[in-house]
2 protein chains.
Amino acid sequence: MADTKQQIIDAATCLFAEHGIGAVPLRRIIAEAQVNAAAIHYHFGSKEELVKAVFTGRFGPVNEERAALLDAIDQSSGSARPAVEDICYALVAPALRIGRGTEQGRLLRSLAGRLMTEPQYMELVFSDLFVEVDRRVDALMARALPELSDEVRTWRKFMAMGSMVFVLREQEWISKVSRGLCDTADVETSIRRLVQFMAAGMNAAAVEAAETAVPAGSRNG
Amino acid sequence: MADTKQQIIDAATCLFAEHGIGAVPLRRIIAEAQVNAAAIHYHFGSKEELVKAVFTGRFGPVNEERAALLDAIDQSSGSARPAVEDICYALVAPALRIGRGTEQGRLLRSLAGRLMTEPQYMELVFSDLFVEVDRRVDALMARALPELSDEVRTWRKFMAMGSMVFVLREQEWISKVSRGLCDTADVETSIRRLVQFMAAGMNAAAVEAAETAVPAGSRNG
DNA sequence: GTCTATAGGTGGATAGAC
DNA sequence: GTCTATCCACCTATAGAC
């Protein structure tokens, strides 16, 4: 069957997302995909090649979409300051819209989040594309927030990425722990919440009052 | 030797932090700790019990410190609004100060970050303590930000936690990718940056303008 | 308490018939 | 292209001598 390859990829995607890549044996993928025991090695050659195929097929377009959105910001902003919100949106929206509308959507986004916190796989598959996106984000953020030092701006970029990755990875947990209050299945609302939070963090005052970071209780001591 | 147990815990801590728990075979811990092959099962009984011992010993106090800081905020704020910065500080500082001053510090914090993104282990070891801390954070945040809906406030709490976890987990990567610009070994600066970012995100305007979350490029279309 | 040896199971990968 | 059967490396855990 010509579907064999796709069945394997589909099953692997779900299992990787649910349990992590290292924790899923090829035998389990074989059982889930209902294909022959030797099919994976016939079609992909090795587990690592299967992982690459899953990732590039599913997530390759994400960084291209990001790059396109960042390009649009670059061109339309001209010599004016680009909006921090727009830069955040360019990072967040393509990632959160992975698998939009499909039944596997949640699993796919969770897997994307895993990928971004496992540098071993990230570098393996996406190094070129991601480095390029990262470079453009840095350049745009520097224009959007010139009053920040490079150090503070870069710190904030990492922390903003952290909140995005957490939302991608922990969708299931967020919905469960909040008892449905935060509906991670509503992708567009998730995007708005994330963009607003990240932009507010990036836009925090340039000069910080160190004293505010001391807990109330210890002020009495 | 009475140190055997401690040597095992030390070696396991480092290896778990560096490679992840599932990826570290007991044999490797044995080799690193330079103890006998059967020592782990003699002292701990199983790998899972070793994992528990490592976690409770190293990270048990963190949530107690958090609870104490949150108590202090509660008492000192009286009927006034507690400061968002102080609540964030109570969550961040105890976690980022894990292993403070020790050579293993970075590895320990990285492991703590892993723990917080692997619900399987989190629930296993810390469920009671963490649930209590989470409950207090919710209550204080509701008092600090009454103008926010429960939904928006809860979303922001998760995103703030996400940035904290990312900084804990990816210290090595952050320092490397920023080419030293962000010095994750400087724990106190990391705490200040995180608290400021998280608080700014939590404090973002209550009413959002949905239009700002549209990229500049698509405004022309 | 410490050691050696090994049982019992699971992983990825392959050979060779059809 | 698909299947069965199997190899070999590695894992956790245990048995039993010292």
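Every heavy atom of this structure was used, including side-chain atoms; hydrogens, water molecules and symmetry mates were not. In what follows, chains carry the letters A, B, and so on, assigned in the order in which the sequence lines appear, proteins first and then strands, with residues in each chain numbered from 1.
A distance of 6.0 Å or more separates the ring centres of Trp155(B) and Phe197(A).
Rounding to whole angstrom units, CD of residue Glu48(A) and C1' of dA13(C) are separated by 14 Å. In this entry the distance linking CG of Asn36(A) with P of dT14(C) reads 15 Å, nearest Å. The distance from atom CD1 of Ile8(B) to atom C1' of dT2(C) is 12 Å, rounded to the nearest whole Å. Residue Ile40(A) contributes atom CD1, which lies 12 Å from atom P of dG11(C) at whole-angstrom precision. At whole-Å resolution of the value, CD in Gln7(A) and P in dG1(D) are 15 Å apart. For His41(A) and dA15(C), the NE2 to P distance is 11 Å, given to the nearest whole Å. Spacing between atom CD1 of Ile30(B) and atom P of dT14(D) amounts to 13 Å, rounded to whole angstrom units. Between Ile21(A) atom CD1 and dG12(C) atom C1' the separation is 16 Å, expressed in whole Å.
In this model, the phosphate group of dG12(C) is not approached by any side-chain N or O of Ser46(A) to a distance below 4.0 Å at OP1 or OP2. Taking only side-chain nitrogens and oxygens, Thr4(B) never comes nearer than 4.0 Å to OP1 or OP2 of dG1(C). OP1 or OP2 of dG1(C) has not a single side-chain nitrogen or oxygen of His43(B) nearer than 4.0 Å.
No hydrogens or angles were tested; on distance alone, a donor-acceptor pair under 3.5 Å links the side chain of Arg27(B) to the base of dT12(D).
Along DNA chain C, the nucleotide closest to Val24(A) and the one closest to Ala38(A) are compared, and the more 5′ of them pairs with Val24(A).
In this structure, Glu32(A) does not pair ionically with Arg28(A), as no charged nitrogen and carboxylate oxygen lie closer than 4.0 Å. Salt bridge status for Asp138(B) with Arg153(B): absent, with no side-chain N to carboxylate O gap under 4.0 Å. Ion pairing between Glu188(A) and Arg192(A) fails under the 4.0 Å rule for side-chain N and carboxylate O.
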